[in-house]
A.B. asks: 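Just passing along the structure, written as structure tokens.
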Protein chains: 2
Amino acid sequence: MDSYRAFQQEFDLSMEALCRRILDRHQTTIRVRKAETAVANLGRIIDTTLTLANRKGFHSTSLRDLSEQSGLSMGALYSYFDSKDTLLLMILGQVVDAIQQVLTTPDVTTGGVENRLRALIARHVYLTERMGPWFVFAFMEAKAFSKQGRDMAIESELWTEGQLRDVIADGIAAGAFRPQDPTMAAALIKPMLQDWYVKRGKYRRRGVDPDGFVAALVQAVGAMLGSSPQPA
Amino acid sequence: MDSYRAFQQEFDLSMEALCRRILDRHQTTIRVRKAETAVANLGRIIDTTLTLANRKGFHSTSLRDLSEQSGLSMGALYSYFDSKDTLLLMILGQVVDAIQQVLTTPDVTTGGVENRLRALIARHVYLTERMGPWFVFAFMEAKAFSKQGRDMAIESELWTEGQLRDVIADGIAAGAFRPQDPTMAAALIKPMLQDWYVKRGKYRRRGVDPDGFVAALVQAVGAMLGSSPQPA
DNA sequence: AGATATATAGCGAGCGCTCGCTCGTTTTTT
DNA sequence: AAAAAACGAGCGAGCGCTCGCTATATATCT
């Protein structure tokens, strides 16, 4: 898994696949019984929500706008969620779910520290590239979440940072990285990863693609941690 | 200027001083004539706005909440701004103003590249520490700004990144830093600087103070740019 | 100095409007 | 024809904002 193309073939993160998981997780609230119909309409709802919310904020997006743009009536929308807040939690929940799915696989947890670190960085960039609007949504609306949502976001954030910290700590113990505080190092790397989706437009304007960003980031992080040069 | 204490003595960024500048910039909209009264009440209004907006978002903060918490009536509020959007632009404008004030002084623009880079990093951290809630507000509400506000935010963002890029480019030319793309390097450093105020709580919980963060960041950035060790 | 007049600051009920959400009805599917 | 899904007018609550009014500070006149 060493390019964005390979990543896309390994993980199915299509709107359909994502909505199928959301349907699984919210079977009790979603009142539409036919899975095929439910997945299709969930896709339209969430696609529209992400577009409108990322343009002017979730709170400023009215359900009438959402109804009009998605082509479903007000009543139909309420067959898929029981409150606007639930819609928000559906999207956030799927973001957390996808993170777990992508960052918990052998490539990331085994092998040399250099490769584990590279895999962690690459997968994070590729995942946030593939699900860009979802991550922007989660990041921007985080403050407005209900307590349940905020706790979920913080936990997920700390989990990802913990993965980084563990790899760095292992690397220091193995003598691959210069001795330093692994928690602080992880804390500094995390925002660089987030920048890829928070400021996506800036990188697009400069012609930087996902693989280019991964290369630059791996290089920078390597230098920062004082890693010995990669074996040719 | 080599500590947060020294920074606070060099720059007056008290609520009173900031509001006095806001009053200057919005003389035409603010209908209260006595400067003393206006500055005092602007302080109450903005302090309350930052508190409420950073808790639940600016859009979700009603002017009735603001009125109740600040102790001014609805009518009195409208003597200080002519629309809720103007209130938002007042705060954003002062953030941009303060950035210019702090990052455009001899320390930052003269001397060796190592020192210029250190000064730039330190001042950014100290400024965002001193005006924490203002910066969090600007960052979180940026997407909801009117076009005027968004353009201001983007311009200010790019200006700061440009300052970083220039120092790095000078350093590469002088042989102090390893040859690399200064634009990409600056793009990766910026989010680390922003993390200080966006995730302020995380660092507080871990007992990291402004000077500690500056030290860690200068160290990390130095390694990342491949700077030669500092002269003792 | 005291009385009067004028300007300034603050007040808060109420306006028009949009919001999230409901529910009786209609359309589509089985 | 029964069940499932979609419809959309309408409800009450809460929004940004206004405006006729009161209270207080300042200026002017005897």
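Chain identifiers are assigned alphabetically (A, B, ...) following the order of the sequence lines, protein sequences preceding nucleic acid strands; residue numbering begins at 1 within each chain.
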A.B. asks: Determine, stepwise, if the pair B/Asp65 / B/Thr61 fulfils side chain to side chain donor-acceptor pair (under 3.5 Å).
C.D. replies: CA-CA 7 Å; B/Asp65 278 355; B/Thr61 301; 5.9 Å; no
A.B. asks: Which of residues 18-37 of chain A have a heavy atom under 4.0 Å from DNA chain D?
C.D. replies: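 Only A/Arg31, A/Val32, A/Arg33, A/Lys34, A/Thr37 qualify.
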A.B. asks: Across the strands shown, which category fits B/Thr61 at heavy-atom distances under 4.0 angstrom: base, sugar-phosphate, nothing?
C.D. replies: sugar-phosphate
A.B. asks: Which is the 5'-most and which the 3'-most nucleotide of DNA chain C that has an atom under 4.0 Å from a heavy atom of chain B?
C.D. replies: C/dT8 to C/dG14
A.B. asks: Using a strict threshold of under 4.0 Å (side-chain N to carboxylate O), is an ion pair present between B/Asp24 and B/Arg20?
C.D. replies: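 Looking at B/Arg20 and B/Asp24, the cut-off is not met.
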A.B. asks: Partners of A/Phe213 by ring-ring contact (aromatic ring centres under 6.0 Å, His included), sequence neighbours excluded?
C.D. replies: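 Partners of A/Phe213 under the ring-ring contact (aromatic ring centres under 6.0 Å, His included) test: A/Trp196, A/Tyr203.
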A.B. asks: Listing request: all salt bridge (charged side-chain N to carboxylate O under 4.0 Å, His left out) pairs with a residue in residues 152-167 of chain B, at least two apart in sequence or in separate chains.
C.D. replies: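 Salt bridge (charged side-chain N to carboxylate O under 4.0 Å, His left out) check on residues 152-167 of chain B returns A/Lys199-B/Glu157, A/Lys202-B/Glu161, A/Arg206-B/Glu161, B/Glu157-B/Lys190.
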A.B. asks: In Å, rounded to the nearest 0.5 Å, how long is the span from CG of A/Leu164 to CD1 of A/Ile121?
C.D. replies: 7.0 Å
A.B. asks: Per the ring pair (Phe, Tyr, Trp, His ring centres under 6.0 Å) rule, which among B/Phe137, B/Tyr126, B/Phe135, B/Trp134 passes with B/Tyr197?
C.D. replies: B/Phe135
A.B. asks: Near B/Glu16 CD, under 6.0 Å, is it more than 12 heavy atoms from other residues, nucleotides or ligands?
C.D. replies: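 Incorrect, the count does not exceed 12.
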A.B. asks: Would you indicate whether the side-chain heavy atoms of B/Val102 and B/Phe7 approach each other to under 4.5 Å?
C.D. replies: yes
A.B. asks: Within a 6.0 Å radius of atom CD on A/Gln100, are there more than 12 heavy atoms belonging to other residues, nucleotides or ligands?
C.D. replies: yes
A.B. asks: Would you check if B/Phe58 and B/Leu87 make a side-chain contact, meaning some heavy-atom pair closer than 4.5 Å?
C.D. replies: yes
A.B. asks: Listed in order of residue number, which residues of residues 74-92 of chain A have a non-hydrogen atom at under 4.0 Å from DNA chain C?
C.D. replies: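 The answer is A/Met74, A/Gly75, A/Tyr78, A/Ser83, A/Lys84.
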A.B. asks: Is it the case that over 12 heavy atoms from other parts of the model lie below 6.0 angstrom from the CD atom of B/Gln101?
C.D. replies: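 Result for CD/B/Gln101: enclosed.
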A.B. asks: In residues 40-58 of chain A, which ones come under 4.0 Å of DNA chain C, going by heavy atoms?
C.D. replies: none
A.B. asks: Show your working on side chain to side chain donor-acceptor pair (under 3.5 Å) between A/Thr51 and A/Thr48 and close with a plain yes or no.
C.D. replies: CA-CA 5 Å; A/Thr51 301; A/Thr48 311; over 6 Å; no
